Enquirer: 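Okay, here's the structure, questions in a sec.
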Amino acid sequence: MEKVALQLYSIKELTGTDFLGTLRKVAELGYDGVEFAGYFNTSASDLKKALDEYGLQAAGSHIGVSELTDHLDRTIEYSQEINSAYIICPGLPEEMRNSADSYKRTAELFNRIGERCKQSGIRFGYHNHGIEFEKFDGEYGLDLLVNNTDPDHLFIELDTYWAEHAGLRSVDFINKYKERCAILHIKDMKSLEDKRNTEIGSGIMDFRAITAAGKQYGVNWFTVEQEEYEIPQLDSIGQSLKYLREIL
């Protein structure tokens, strides 16, 4: 069965007040794993104990670029202790993405980070937003990162919503990057006129095609993410999970 995770940034208000208790609720909804957006001063041993108790897998962690450059060994050690196979950079400051040359310099940095992660049995990835679909010298910023990094040192966690938000088809990027799309972020869009997030299956994105392409290339995690809600958050992420299970 395909594995479905929740990016915990989706419910940051809940994790911020009761981190481990919220993990239990996510497990009770039926998620296979969670992708972290901060650990809330929780030790790796305590977090691993909770994950094991709740039957959840660690499906990666979003780690900011400054933490990656300043404290990479510590970040890797924490990931190893919670048995998380992925460290993901969730975005870049402007100076690291405002030209073709800056993207190429960032790619050099990512190659070094990714090589160190690989030596430790962890894969390093990058998560896009919309800004990476700006073109420089005829190439999308995201393509510049992909084309200037070693596939063993950088995978892409493609955020399907942001690709579509930019007026593109996320399926096209899955087919372009193939096995380098190790994780897909699954987030729906209300309409072309109203681009807010909505529960998966309630918007306009073709997740049957998206998930089919993901399965074709062996995506490891289909990770639900949402940032805007019109119903209670746990109800929303439960509804998204139900739809995703049905189409997977």
Side-chain angles (χ1 to χ4, degrees), residues 1-65 67-68 71-91 110 113-114 116-127 152-159 179-187 214 218-227 233-234 237-238 240-241 244-245 248:
M1 187 172 68
E2 309 298 334
K3 295 187 296 184
V4 181
L6 177 71
Q7 164 50 254
L8 291 170
Y9 187 79
S10 305
I11 51 172
K12 58 187 180 295
E13 296 83 5
L14 301 177
T15 54
T17 55
D18 183 10
F19 182 44
L20 297 182
T22 300
L23 293 185
R24 183 189 292 274
K25 292 175 182 177
V26 172
E28 289 169 350
L29 287 172
Y31 278 88
D32 301 305
V34 285
E35 185 179 78
F36 296 99
Y39 303 120
F40 302 94
N41 297 314
T42 306
S43 70
S45 58
D46 286 346
L47 180 52
K48 181 63 165 61
K49 182 180 177 181
L51 292 171
D52 290 345
E53 180 183 344
Y54 306 154
L56 284 172
Q57 290 179 258
S61 298
H62 278 195
I63 306 291
V65 70
E67 188 74 7
L68 292 170
H71 304 291
L72 183 58
D73 287 346
R74 184 174 71 188
T75 298
I76 289 171
E77 288 168 8
Y78 195 106
S79 292
Q80 289 173 323
E81 193 163 347
I82 64 171
N83 198 27
S84 178
Y86 306 99
I87 290 172
I88 302 137
C89 179
F110 280 1
I113 293 172
R116 177 71 184 87
C117 287
K118 184 185 178 185
Q119 291 168 352
S120 303
I122 291 172
R123 295 187 67 187
F124 176 59
Y126 183 73
H127 167 275
D152 286 341
H153 297 161
L154 187 77
F155 73 87
I156 297 300
E157 178 178 71
L158 185 70
D159 189 304
E179 288 80 4
R180 287 189 80 170
C181 284
I183 302 173
L184 291 181
H185 263 201
I186 306 297
K187 185 195 311 183
V219 161
N220 294 307
W221 285 99
F222 294 88
T223 300
V224 171
E225 184 180 37
Q226 190 165 336
E227 297 178 47
Q233 292 182 348
L234 292 175
I237 62 173
S240 290
L241 176 63
L244 199 48
R245 289 275 190 231
L248 284 171

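All values reported here derive from a predicted model rather than from experimental measurement. Here, residue 1 is the first one in the sequence, and each next residue gets the next number.
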Enquirer: Less than 4.5 Å apart, side chain to side chain, heavy atoms only: is that true for E157 and L184?
Expert: no
Enquirer: How many angstroms lie between atom NE2 of H71 and atom CD1 of I76, to the nearest 0.5 angstrom?
Expert: 13.5 Å
Enquirer: Would a distance-only check, ignoring hydrogens and angles, find a side-chain to backbone donor-acceptor pair under 3.5 Å from S10 to Q226?
Expert: yes
Enquirer: Would you mind reporting whether L51 and N83 have side-chain heavy atoms less than 4.5 Å apart?
Expert: no
Enquirer: Is L154 close to R180 at the side-chain level, that is, under 4.5 Å between some pair of heavy atoms?
Expert: yes
Enquirer: So, do E179 and V219 sit near enough that their side-chain heavy atoms are less than 4.5 Å apart?
Expert: no
Enquirer: Between A182 and F155, what is the shortest heavy-atom contact and its length?
Expert: CB-CD1, 3.6 Å
Enquirer: Short question: side chain of S84, backbone of G60 - any donor-acceptor pair under 3.5 Å?
Expert: yes
Enquirer: Just how far is it from atom SG of C117 to atom OH of Y86, taken to the nearest 0.5 Å?
Expert: 13.0 Å
Enquirer: Can you find a pair of side-chain heavy atoms, one from W221 and one from V4, that are under 4.5 Å apart?
Expert: no
Enquirer: For a side-chain contact (heavy atoms from CB on, under 4.5 Å) check, start with the C-alpha distance between F36 and I82, then their side-chain angles and the critical distance, and finish with the verdict.
Expert: CA-CA 11 Å; F36 296 99; I82 64 171; 3.9 Å; yes
Enquirer: Main chain of A5, side chain of T223: is a donor-acceptor contact present, judged purely on distance under 3.5 Å?
Expert: no
Enquirer: Mind checking whether S61 and I87 have side chains closer than 4.5 Å, heavy atoms only?
Expert: no
Enquirer: Which atoms form the tightest heavy-atom contact between L68 and C89, and what is the distance?
Expert: CD1-CB, 3.8 Å
Enquirer: Checking the side chain of R123 only, and the main-chain atoms of A85 only, is there a donor and an acceptor separated by less than 3.5 Å?
Expert: no
Enquirer: Looking at K25 and D18, is there a salt bridge between them, counting it only when a charged N and a carboxylate O are closer than 4.0 Å?
Expert: no
Enquirer: Looking at CG of D32 and CZ of F222, how far apart are the two atoms once the value is rounded to the nearest 0.5 Å?
Expert: 11.5 Å
Enquirer: Could you go through L23 and L8, starting from their C-alpha distance and side-chain angles, then the distance that decides it, and tell me whether this counts as side-chain contact (heavy atoms from CB on, under 4.5 Å)?
Expert: CA-CA 9 Å; L23 293 185; L8 291 170; 3.6 Å; yes
Enquirer: Looking at Q7, K187, K12, which hits side chain to side chain donor-acceptor pair (under 3.5 Å) with E227?
Expert: K187
Enquirer: Measure the shortest side-chain to side-chain distance between E225 and D159 over non-hydrogen atoms and say whether it is less than 4.5 angstrom.
Expert: yes
Enquirer: Quiz question: by atom type and distance under 3.5 Å, do the side chains of H127 and H62 form a donor-acceptor pair?
Expert: no
Enquirer: Quick check: do S45 and K49 have side-chain heavy atoms less than 4.5 Å from each other?
Expert: no
Enquirer: Check step by step if side-chain contact (heavy atoms from CB on, under 4.5 Å) holds for L47 and Y39.
Expert: CA-CA 8 Å; L47 180 52; Y39 303 120; 3.9 Å; yes
Enquirer: Before accepting this row, confirm whether a basic side-chain N of the pair E2/R245 lies closer than 4.0 Å to the acidic partner's carboxylate O.
Expert: no
Enquirer: Could you go through T22 and F19, starting from their C-alpha distance and side-chain angles, then the distance that decides it, and tell me whether this counts as side-chain contact (heavy atoms from CB on, under 4.5 Å)?
Expert: CA-CA 5 Å; T22 300; F19 182 44; 6.0 Å; no
Enquirer: Tell me if a side-chain donor or acceptor on Y31 pairs with a main-chain N or O of I237 at a distance below 3.5 Å.
Expert: yes
Enquirer: What distance do Y126 atom OH and I156 atom CD1 have between them, rounded to the nearest 0.5 Å?
Expert: 8.5 Å
